[in-house]
Amino acid sequence: MIARLGLGAEHRVVEIASNDGYLLQYFQRRGIPVLGVEPARNVAAAAEEAGIPTLVEFFGTESAGRLAAEGRRADLLVGNNVLAHVPDINDFVAGIELALAPGGVATMEFPHLLRLMEENQFDTIYHEHFSYLSFATTRRIFAHHGLTLFDVDELPTHGGSLRIYGRRRDDEARAVTPAVAALAAREEQAGLDTLAPYQRFGERVRETRRRLVEFLAAAKRDGAAIAAYGAAAKGNTLLNYCGIGAETIDYVVDRSPHKQGCYLPGTHLPIHPPERLFETRPELILILPWNIKEEVMEQMAGVKEWGGR
């Protein structure tokens with residue numbers, strides 16, 4: 001983004017939901033002024049301790065208006081995995097328009113609804129997501145608030161995400177790229193503006209539940225011990241929707257020490273460190289955060305020593 005936008009010491013990068021300042025530190029190291037907006041006080045404190053100036057509040061028209069009044073508009077306004085999390089998406093996007101400096105660019109990343117349905121990623125539908133966004137819907141919301149999406153990238157994160165690039169409608173210096181029309185056409189061809197694909201998606205979800213329950217039941221009948229890897233939000237959705245609990249899975253492991261010693265909501269499966277797998281040697285390990293399955297399989301390659309799968 002520094003190279004693409006020609007960012008330097010005279011510009012400012014603002015990140016919404018900036019967490020502990022991990023991303024902003026790299027802009028700061030290149031001499032570019034940064035500002036984080038992070039509502040979690042304890043996380044914002046970690047960013048401040050690392051030298052990343054951070055406002056402790058939710059982003060919207062109120063906070064964006066203050067930034068504009070204080071002369072702290074953004075030449076690059078970043079929001080990664082926050083757009084789908086906000087309860088009032090119109091107030092949020094209206095805030096983006098207010099917080100952008102003249103000629104500024106906003107980039108937002110979020111899971112792509114088309115990929116969610118095409119690849120049956122129903123377990124990403126859970127409490128902290130208020131919206132499941134197509135590109136077409138996002139374009140309409142941004143246009144309603146005077147913003148034009150002029151480019152889009154397709155990313156592998158979270159099972160398939162979009163990174164959208166927005167500018168003010170009257171900023172014609174940045175032309176709309178062919179990627180915008182191409183993705184819009186793909187969504188239209190998939191029928192996302194009709195009910196049919198959503199109904200088909202519902203039936204695929206039900207069939208997935210049937211197949212997973214049958215597979216695990218057959219494994220238990222054959223005497224297999226089964227554990228799960230990853231105390232992830234998507235895993236809780238999967239297990240609770242499918243009605244899979246302690247009668248099928250013995251426990252779950254997770255690398256996070258903050259989760260170890262706790263229990264999964266609903267199923268009440270105990271959470272252990274990954275070393276537990278090597279102590280009990282289950283025949284099957286169900287990977288719950290499938291979006292990082294390659295990484296998990298690489299880290300847990302040792303399970304093959306006892307014939308684990």
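For the numbers below, each heavy atom of this structure counts, side chains included, while hydrogens, waters and symmetry mates do not.
A 6.0 Å sphere centred on CD of Glu57 holds more than 12 heavy atoms belonging to other residues, nucleotides or ligands. Atom CZ of Arg211 is surrounded by 12 or fewer heavy atoms from other residues, nucleotides or ligands within 6.0 Å. Phe278 CZ: more than 12 foreign heavy atoms inside a 6.0 Å radius. Under a cut-off of 6.0 angstrom, the local environment of CD in Gln299 is crowded, with over 12 non-hydrogen atoms contributed by other residues, nucleotides or ligands. Within 6.0 Å of atom CD in Gln25, more than 12 heavy atoms from other residues, nucleotides or ligands are found, so the atom counts as buried in its surroundings. In this structure, Glu298 places its CD atom where only 12 or fewer heavy-atom neighbours from other residues, nucleotides or ligands lie under 6.0 Å away. Within 6.0 Å of atom CD in Gln189, 12 or fewer heavy atoms from other residues, nucleotides or ligands are found, so the atom counts as exposed in its surroundings.
Under the 3.5 Å distance criterion, the side-chain polar atoms of Lys259 are matched with a main-chain donor or acceptor of Ala231. Looking at Arg168, its side chain does come within 3.5 Å of a backbone N or O of Leu100 through a donor-acceptor pair. Side chain of Ser161 to backbone of Leu155: no donor-acceptor contact under 3.5 angstrom is found. Under the 3.5 Å distance criterion, the side-chain polar atoms of Gln28 are matched with a main-chain donor or acceptor of Gly51. Put simply, the side chain of Trp306 gets close to the backbone of Pro282: a donor and an acceptor are under 3.5 Å apart. For the pair Asn19 (side chain) and Gly21 (backbone), a donor-acceptor distance under 3.5 Å is absent. Although no hydrogens or angles enter the test, the distance criterion places no donor-acceptor pair under 3.5 Å between the side chain of Arg41 and the main chain of Val56. Put simply, the side chain of Ser256 gets close to the backbone of His258: a donor and an acceptor are under 3.5 Å apart. Checking side-chain atoms of Arg163 against main-chain N and O of Val152 turns up no donor-acceptor pair under 3.5 Å. Proximity of a side-chain donor or acceptor of Ser63 to a complementary backbone N or O of Phe58 within less than 3.5 Å is detected.
Here the closest heavy-atom approach between residue Leu98 and residue Gly65 is recorded as CD1-N, 4.3 Å. Nearest heavy atom pair, residue Pro289 against residue Gly230, reads CD-CA, 3.8 Å. For the residue pair Thr148 and Arg169, the shortest heavy atom distance occurs at OG1-CA, 3.6 Å. For the residue pair Glu119 and Gly159, the shortest heavy atom distance occurs at OE1-O, 3.7 Å. Counting all heavy atoms, side chain and backbone alike, Ala68 lies closest to Arg73 at CB-NE, 3.5 Å. Closest of all the heavy-atom pairs between Gly95 and Ala64 is O-CB, 3.1 Å.
Between Tyr251 and His272, the ring centre distance stays below 6.0 Å.
The CG atom of Leu284 lies 7.5 Å from the CG atom of Leu216; values are rounded to the nearest 0.5 Å. In this structure, CD in Gln199 is found 8.5 Å from OG1 in Thr194, a value given to the nearest 0.5 Å. Taken from CG in Leu162 to CG in Leu114, the straight-line distance is 8.5 Å, to the nearest 0.5 Å. The distance from atom CG of Leu238 to atom OG1 of Thr124, rounded to the nearest 0.5 Å, is 11.5 Å. The distance from atom CG of Leu212 to atom CD1 of Ile244, rounded to the nearest 0.5 Å, is 4.0 Å. Taking OG1 of Thr54 as the start and CG of Leu24 as the end, the distance is 7.5 Å to the nearest 0.5 Å.
Taking the six-membered ring where tryptophan is involved, the planes of Tyr26 and Tyr22 are perpendicular, since the angle between them exceeds 60° and thus also 30°.
In the hydrophobic clustering of this structure, Ile285 does not group with Phe215; members are Ile, Leu, Val, Met, Phe, Trp, Tyr whose side-chain heavy atoms approach within less than 4.5 Å, directly or through other members. A continuous path of Ile, Leu, Val, Met, Phe, Trp and Tyr side chains, each step under 4.5 Å between heavy atoms, connects Phe150 with Phe110, placing both in one hydrophobic cluster. Both Val13 and Val37 belong to a common hydrophobic cluster when Ile, Leu, Val, Met, Phe, Trp and Tyr are linked at side-chain heavy-atom distances under 4.5 angstrom. Leu133 and Val78 end up in the same hydrophobic cluster when Ile, Leu, Val, Met, Phe, Trp and Tyr side chains are linked at under 4.5 Å. One hydrophobic cluster, built from ILVMFWY side chains closer than 4.5 Å, cannot hold both Ile226 and Val296; they sit in different ones.
In this structure, a donor-acceptor pair under 3.5 Å is absent between the side chains of His144 and Asn90. With no hydrogens or angles considered, a side-chain donor-acceptor pair links Tyr165 and Asp153 at under 3.5 Å. Checked by atom type, the side-chain pair His112/Glu187 shows a donor-acceptor distance below 3.5 Å.
Exactly one of Thr248, Ile249, Asn236 qualifies for a side chain to side chain contact (heavy atoms under 4.5 Å, CB included) with Leu269. That residue is Ile249. Among Trp290, Tyr132, Tyr198, Tyr241, the one residue that satisfies the ring pair (Phe, Tyr, Trp, His ring centres under 6.0 Å) test with Phe122 is Tyr241.
Looking at Pro33 and His11, their side chains never come closer than 4.5 Å, going by heavy atoms from C-beta outward. Ile96 places a side-chain heavy atom less than 4.5 Å from the side chain of Phe59. Within the 4.5 Å cutoff, no side-chain heavy atoms of Arg12 are placed close to those of Leu76. For the pair Tyr229 and Met297, the minimum side-chain heavy-atom distance is 4.5 Å or more.
The pair Glu214-Arg210 fails the salt-bridge criterion, with no side-chain N (NZ, NE, NH1 or NH2) lying under 4.0 Å from an Asp/Glu carboxylate O. One finds no salt bridge joining Arg186 and Glu118 here, because no Lys/Arg side-chain nitrogen approaches an Asp/Glu carboxylate oxygen to under 4.0 Å. Between Asp151 and Arg4 there is a salt bridge, since a side-chain N of the basic residue sits under 4.0 Å from a carboxylate O of the acidic one. Between Arg204 and Glu207 no salt bridge is recorded (no basic side-chain N to carboxylate O distance below 4.0 Å).
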- Task: Run the numbers on Arg206 and Glu203 for salt bridge (Lys or Arg N to Asp or Glu O under 4.0 Å), then give the verdict.
- Result: CA-CA 5 Å; Arg206 290 185 285 274; Glu203 179 48 37; 3.1 Å; yes
- Tell me, with the steps shown, if Arg174 and Val105 meet side chain to side chain contact (heavy atoms under 4.5 Å, CB included). CA-CA 9 Å; Arg174 302 186 190 281; Val105 170; 3.2 Å; yes
- Message: Is there a side chain to side chain contact (heavy atoms under 4.5 Å, CB included) between Phe201 and Asn120? Walk through the geometry before answering.
- Response: CA-CA 7 Å; Phe201 172 59; Asn120 208 30; 3.8 Å; yes
- Query: Under the side chain to side chain contact (heavy atoms under 4.5 Å, CB included) criterion, do His145 and Ile141 qualify, and how do the steps go?
  - Reply: CA-CA 7 Å; His145 296 288; Ile141 296 170; 4.3 Å; yes
- Item | Derivation and outcome, side chain to side chain contact (heavy atoms under 4.5 Å, CB included), residues Phe92 and Asp88 | CA-CA 6 Å; Phe92 185 89; Asp88 188 343; over 6 Å; no
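Taking the ring centre of Phe27 as origin, the terminal cationic atom of Arg30 falls outside the region bounded by 6.0 Å and 45° from the ring axis.
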